[in-house]
There are 2 protein chains.
Amino acid sequence: MSHHDLKLGAPDCGDCPIRHRAVCARCESDELKRLEEIKYYRSFQAGQTVIWSGDRMDFVASVVTGIATLTQTMEDGRRQMVGLLLPSDFVGRPGRSAAAYDVTATTDLVMCCFRKKPFEELMSTTPHIAQRLLEMTLDELDAAREWMLLLGRKTAREKIASLLAIIARRDTSLKLKSAKGAFTFDLPLTREEMADYLGLTLETVSRQMSALKRDGVIGLEGKRHINVPNFDRLMEETGDDSDGGMLG
Amino acid sequence: MSHHDLKLGAPDCGDCPIRHRAVCARCESDELKRLEEIKYYRSFQAGQTVIWSGDRMDFVASVVTGIATLTQTMEDGRRQMVGLLLPSDFVGRPGRSAAAYDVTATTDLVMCCFRKKPFEELMSTTPHIAQRLLEMTLDELDAAREWMLLLGRKTAREKIASLLAIIARRDTSLKLKSAKGAFTFDLPLTREEMADYLGLTLETVSRQMSALKRDGVIGLEGKRHINVPNFDRLMEETGDDSDGGMLG
DNA sequence: CTTTCCATTTGATTTGGGTCAAGGCACAGG
DNA sequence: CCTGTGCCTTGACCCAAATCAAATGGAAAG
């Protein structure tokens, strides 16, 4: 990892989303001052739409806190989530003026935005920004491809288990309760949002959640609070080959 | 489009896959000579595996001629295609040493490879390469997201129609036969490969192809030769909102 | 010309998940 | 305290696509 490993709007950099400044005093001069100038924050309430597909989008942004989703909708109303944005994730495409997807805040949300025009200019003069963005985009592409396997080939039960594992793995607030891998977290999605993520109906999601509970794979307190007594057991249900990188 | 719109291994640049040289004499000096030095060609026969998931991969490459696929396989053998590489598409990830997917030649294939180490070095000193790569990766991400909608929410018939439209749209050898949008092309995939693309079984693919033929949406000569009397009619079957950019 | 070998088609049957339809539960407002 | 109103669960039934099983057809080999 070079000293240029800047994060565009990472959550763990305190007030300033550009962790770079904290990481690398050496580069403090030009490019970063410029980034500071063109950045601004926007907040959204849970349920609010950030932007509709097709709307003009004159910024790029990254999530500071909260969760947002990207979804596509067909004319007849069928919906598929195509992106789940957690803190530090990036939205928006340099070189495109209209949003390609609906972006919605599923929890209260703070985003760190950069005006697009100057961001693009900065990108063309600052190689490290493009390189960092490339890295992040490649990660997203990998995630999208894993998601395609899920959508195309997994059973409903495997889909649910996979989603729980994905959320658990990325939930930074997640506290391990034992060496065995027991832990607890809150679902940030409604059953319907889970269904849109997984290519299922909300009824099927509900049924499979109940089934995983019945079989002791997960515990459910209320509708949203999940506890996983044994992460390995959950992973067995996903259909993936073991491991998967669960280790902070 | 700047004069820096280099293509990494584009097909339309004659012997040299880097169209940049043809487009931009101005930049001919350093970076491109270096690219020339680290590039080499590899050929594969139809059906041959280019690389297995998990194998060490010390190059990045782009397709010059032919078609390759990226697939993921679960332990029990369920397979999902996650990438379809047509001429000018790029494979391989700077900053990763092992292949993440199986890459297979579905037709005879020529790839233009760049040794990874020097390519990465070149990338870090040449901003335009990273920027071009970012652009291509963002395009792939968009394609992956459209594919996710297909896998998660479309019916078998819509999936088949969508795949035919996608192939037709990207087939450079495709000849329009009339203003109405009639044309003809050869399927580059077997029924099984189509099934792996679409998250279906090969039987379902076959049945839906027959149904589209019966309904006059497509014509079939032999197993592979498709003719589409009316592209708009095919598009109606995809479930997508109209247009879609069919105008090469 | 016959045989083998695939890829593909087609048919019969099963099934996982969708659809439709009631409830249940928790919380906010009157 | 009652009554909406969102979410979620559960049940009954249905259907699109999977599965299992032949049959067809075309191309290459003998």
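Chain A is the first sequence line, chain B the second, and so forth, proteins listed ahead of strands; every chain is numbered from 1.
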**Item:** Where at least one partner belongs to residues 191-208 of chain B, residue pairs that pass salt bridge (charged side-chain N to carboxylate O under 4.0 Å, His left out), sequence neighbours excluded
**Value:**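 For residues 191-208 of chain B: A:Arg153-B:Asp196, B:Arg79-B:Asp196.
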**Item:** Pair A:Glu140 + B:Arg145: basic N to acidic O under 4.0 Å
**Value:** yes
Taking only residues two or more places apart in sequence or in another chain, which ones pass side-chain contact (heavy atoms from CB on, under 4.5 Å) with [X]?
X	answer
B:Ala100	B:Arg96
A:Arg42	A:Tyr40, A:Phe44, A:Phe59, A:Cys113
A:Asp215	A:Arg157, A:Val217

**First-last contacting nucleotides on DNA chain C - partner chain A, under 4.0 angstrom, heavy atom** = C:dG17 to C:dC20
**Prompt:** Can a side chain N or O of A:Arg224 be found less than 4.0 Å away from OP1 or OP2 on D:dC7?
**Reply:**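 No, because none of the side-chain N or O atoms of A:Arg224 sits under 4.0 Å from OP1 or OP2 of D:dC7.
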**Message:** Using whole Å, what does the distance between atom P of nucleotide D:dC8 and atom CG of A:Leu189 come to?
**Reply:**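 Between P of D:dC8 and CG of A:Leu189: 10 Å.
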**Request:** Take atom NZ of B:Lys154 and atom P of D:dA16, then tell me their distance rounded to the nearest Å.
**Result:** 18 Å
**Sequence-distant partners of A:Lys116, side chain to side chain donor-acceptor pair (under 3.5 Å), two or more places apart** =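 Per chain and number, A:Lys116 pairs via side chain to side chain donor-acceptor pair (under 3.5 Å) with no residue.
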**Request:** Could you pull out all residues at least two apart from B:Arg78 that satisfy side chain to side chain donor-acceptor pair (under 3.5 Å)?
**Result:** A:Glu158, B:Asp76
**Asked** Can you pull the ring-ring contact (aromatic ring centres under 6.0 Å, His included) pairs that have at least one residue in residues 137-169 of chain B, sequence neighbours excluded?
**Response** B:Trp147-B:Tyr197
**Prompt:** Heavy-atom contacts under 4.0 Å between residues 197-215 of chain B and DNA chain D, which residues?
**Reply:** B:Gly199, B:Leu200, B:Thr201, B:Glu203, B:Thr204, B:Arg207
